[in-house]
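What follows is a short report on a single structure.
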Amino acid sequence: MNIDAIQNGIVIDHITAGRAMRIYDLLGLDALDVSVAIIKNAVSHKTGDKKDIIKIDSTMPVNFDVLGFVDPGVTVNIIRDGQLVEKRRIEMPQRLTNVIRCKNPRCITSTERAIDHVFKLTDPKNKVYRCIYCETKA
Amino acid sequence: MKRSVIDILDLTPAELEELLATALDIIDNPEKYAHACAGKKLATLFFEPSTRTRLSFEAAMHELGGAVLSVTDAASSSASKGESVSDTAKVVSCYADIIAMRHPKEGAALVAARAASIPVINAGDGGHCHPTQTLADLLTIRRQKGAFSGLTIGLCGDLKFGRTVHSLINAMARYENNRFVLISPDELKLPSYVKKDVLAERGIPYEQTTSLEDAMPQLDVLYMTRVQKERFFNEEDYLRLKDSYILDMAKLKNAKDDLCIMHPLPRVNEIAVEVDDDPRACYFKQVLNGKYMRMALILKLLKEAAQ
Ligand SMILES: [Zn+2]
């Protein structure tokens, strides 16, 4: 895979330096049978700051909520036939469904089967998400 | 439309006023409500024992002329067979018109409310919420103090895990000119998120102290809580702290004459029995007020469900 020129795929850009692996894990990229490049500490042309980049050699559907939760402000570039067809700046999602699990052992989600793990953005300023069931912070 | 009450904040201040007005009307005119819920069934679904809360709900429904389906061992009858809270709520929806549910897990009532086709009242979900206790507290404050504003409210004991305390703070923080005095051992202080998100955020004055006696003279309301053994990981901590904040007549020496002493009950020894005869003791009135507020809430939710 030529990491500079993807023909059909996704480039997740402007990842805060150091967060690429977390995104890699939460998006389940390890299970993907395609080329994935993780570029750490690249220097941003725009700001001169360090950033991470993930390039995926496939146009799989990306869970934007995961990106917005881990690193709001990242951009997703979707490339088809060598052309940039979509560029999205990802905001913090209001709700996160089945992205993370509630860590509170006293929460009903720890015992109830087939239940959605849902978190709500309760404090956008401080990026606080709380479990809708027990209100524990994510 | 079906509607459930999981958290005290599910009710707007206007709705709280409506419930208080209904409760006061029930107190004055009980005969008017004696058949208000005729033909309706309340299912009390208790996954952990809480005889007081269950009796209060059941007495409330009886006094409204309704019937009660009582499941006192929901945990052994369904959960042990692996039935989920969601499924139990769906099954009970087929038999009853409204559910009062108690469960040891936080958020269980919300799970039930999302699955049920009838209103669910949270009768306690672990350490999380217990809105009808707060309704009882609010009616007590209203009847004793006449208003919800301009009060200095002392909260004493387990402020860390005491859900009734958090809930009361949330409810009273919506009114004007109240102050809170937080009285607890360092180990059981009010969590910082309540201080930050509820009190500091809205500019509500509060002070923290470890001395009940120092706090006493300024209080209009004193809310005592139980230091619960199950909240501690080790017995030593519990034994060391459980007797720290016991209210007796000596500590009441400098209290106001119209202090309103409250406690969610059951008490262990945090209020000496000698205090019971003092006119300022309101904790048994609170029990009765709880029944009236549960009556008002059942009426409201059944009426809304029928619309
Ligand atoms: Zn939770």
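Computed from a prediction, not measured in an experiment: that's the story for all the values here.
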Passes side chain to side chain contact (heavy atoms under 4.5 Å, CB included), B:R114 versus A:I132? Steps please. CA-CA 12 Å; B:R114 294 177 121 203; A:I132 63 160; 3.7 Å; yes
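Separating the CG atom in B:D197 from the CD atom in A:E135 is a distance of 10.5 Å, to the nearest 0.5 Å. The line from CD1 of A:I108 to CZ of B:F47 is 8.0 Å long, rounded to the nearest 0.5 Å.
Annotation for B:Y193 and A:R130: closest pair CB-NH2, 4.2 Å, computed over non-hydrogen atoms. Here the closest non-hydrogen pair linking B:K105 and A:S110 is NZ-OG, 3.2 Å. When all heavy atoms of B:V85 and A:E112 are compared, the pair lying nearest together is N-OE1, 2.8 Å.
Summarising the local packing, NZ of A:K40 is surrounded by 12 or fewer heavy atoms from other residues, nucleotides or ligands at distances under 6.0 Å. Applying the 6.0 Å contact sphere to CD of B:E15 captures more than 12 heavy atoms from other residues, nucleotides or ligands. The local environment of CZ in B:R3 is crowded, with over 12 non-hydrogen atoms from other residues, nucleotides or ligands closer than 6.0 Å. Sparse packing is recorded around NZ of A:K50, with 12 or fewer heavy atoms of other residues, nucleotides or ligands lying under 6.0 Å away. Counting non-hydrogen atoms of neighbouring residues, nucleotides and ligands closer than 6.0 angstrom, the CG atom of A:D33 reaches no more than 12 such neighbours. Atom NZ of A:K120 sits in a sparse spot, with 12 or fewer heavy atoms from other residues, nucleotides or ligands closer than 6.0 Å.
The contact between A:T111 and chain B is made entirely by side chain atoms (from C-beta outward), counting heavy-atom distances below 4.5 Å.
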